[in-house]
**Q** 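Below: one structure in structure tokens.
Letters go in sequence order (proteins before strands), and every chain restarts at 1. None of the values given here were measured: they were computed from a predicted structure.
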Amino acid sequence: MNITINGQPFETKNQTTLAKVLIDFGAKEPFAVALNSDFIPRKNCDAIVVTQGDRVELLSPIQGG
Amino acid sequence: MTNSFSIYGEQITSRLLIGSALYPSPAIMADSIKASGAQVVTVSLRRQQSAAAGDDFWQLIKDTGLKILPNTAGCHSVKEAVTLAQMCREVFATDWIKLELIGDEYNLQPDPFALLEATKILMDDGFKVLPYCTDDLVLCQRLADVGCEVLMPWGAPIGTGKGLLNQYNLKTIRERLPELTLIVDAGLGLPSHACQALELGYDAVLLNSAIAGAGCPVTMSHAFKAAVDAGRFAYKAKAMPEKDVAAPSTPTMGMPFWHQT
């Protein structure tokens with residue numbers, strides 16, 4: 001099954017939770033997650049199963065003005 | 001003389017809020033932030049690319065011990081801005097958000113209509129919104145109507161260094177919204193610009209490029225720190241009335257050779 005993470009293709013198995021996807025991707029703390037443009041609190045990532053074509057955004061701190 | 005202002009009930013004594021972007025190096029960023037005396041530093045979120053680089057930056061910011069003000073820079077829609085604000089709240093563990101919602105790519109002008117809509121959504125969601133807005137009085141009034149206690153009108157478009165392009169508008173906003181905390185955000189280039197903003201009665205300035213883009217950012221940081229202090233003292237002292245006709249400062253009484261030819 002194919003999804004995207006930060007705009008890049010990422011392959012994962014069916015019935016995979018968002019939390020597992022983030023581990024498999026190698027997400028580094030600190031970060032926040034959005035799925036298909038909706039914010040997903042970290043505590044909810046275990047309960048969400050990704051589906052074909054899902055778009056995951058994984059964001060971390062950066063400089064800002 | 002009270003030397004603090006409020007950001008949603010939190011008393012801040014430094015009238016210079018500083019950005020963390022565009023510095024020549026991480027060390028210069030850290031030194032410039034320290035030299036500024038700022039208590040609030042702005043940061044953002046972007047796609048995780050190089051974890052190591054991000055870690056270094058975030059560790060430096062955490063080491064400053066300053067209050068974090070995350071922004072929604074680069075957002076062009078209400079949905080984008082709201083989602084990014086929610087992500088910022090989780091990562092930075094703060095309900096403060098500098099709400100940026102760009103309406104035009106040419107001058108990076110905030111979209112006033114979308115900004116108001118997003119502000120209302122976020123305020124209802126428990127955020128303490130610091131909207132980056134244009135110097136439009138009615139927009140500022142509408143933002144106050146939805147609960148904003150802090151407004152951040154621009155001095156000039158982001159990164160231009162042009163200073164306060166419309167002092168009349170900024171002054172009118174100050175006069176019409178005396179209870180709000182007002183911070184000039186963006187467009188400043190010189191310490192004198194910051195001083196002018198404080199002279200107008202603004203509570204603080206938020207800037208980044210003017211320091212980070214200077215030949216020596218650390219020295220410029222010192223200069224801005226002195227400028228906001230000077231501007232605040234001047235505002236509290238109340239400036240003399242401007243006149244159109246010259247008036248001698250040295251007494252004319254007792255002048256020798258008075259009008260002799």
**Q** Look at the side chain of B:Thr119 and the backbone N and O of B:Leu143, then say whether any donor-acceptor pair between them is shorter than 3.5 Å.
**A** no

**Q** Should the pair B:Arg89 and B:Phe127 be classed as cation-pi, given the thresholds of under 6.0 Å to the six-membered ring centre and 45° from the axis?
**A** yes

**Q** By a 4.5 Å heavy-atom criterion (distance strictly below it), what part of A:Ile40 contacts chain B: side chain, backbone, both, or neither?
**A** backbone

**Q** With a 4.5 angstrom heavy-atom cut-off, which part of B:Leu84 approaches chain A: side chain, backbone, both or neither?
**A** side chain

**Q** Using non-hydrogen atoms and a 4.5 Å limit, figure out which bit of B:Gln86 sits close to chain A: side chain, backbone, both or neither.
**A** both

**Q** Sort B:Tyr132 into side chain, backbone, both or neither according to what part of it lies under 4.5 angstrom from a heavy atom of chain A.
**A** neither

**Q** Below 4.5 Å from any heavy atom of chain A, which atoms of B:Glu100 appear? Answer side chain, backbone, both or neither.
**A** side chain

**Q** Looking at B:Pro157, is its backbone amide N or carbonyl O close enough to the side chain of B:Thr160 to form a donor-acceptor pair, meaning the two atoms are under 3.5 Å apart?
**A** yes

**Q** Look at the side chain of B:Lys98 and the backbone N and O of A:Gly65, then say whether any donor-acceptor pair between them is shorter than 3.5 Å.
**A** yes

**Q** Under 6.0 Å from the ring centre and within 45 degrees of the ring axis: does the NZ or CZ of B:Arg15 meet both conditions for the six-membered ring of B:Tyr202?
**A** no

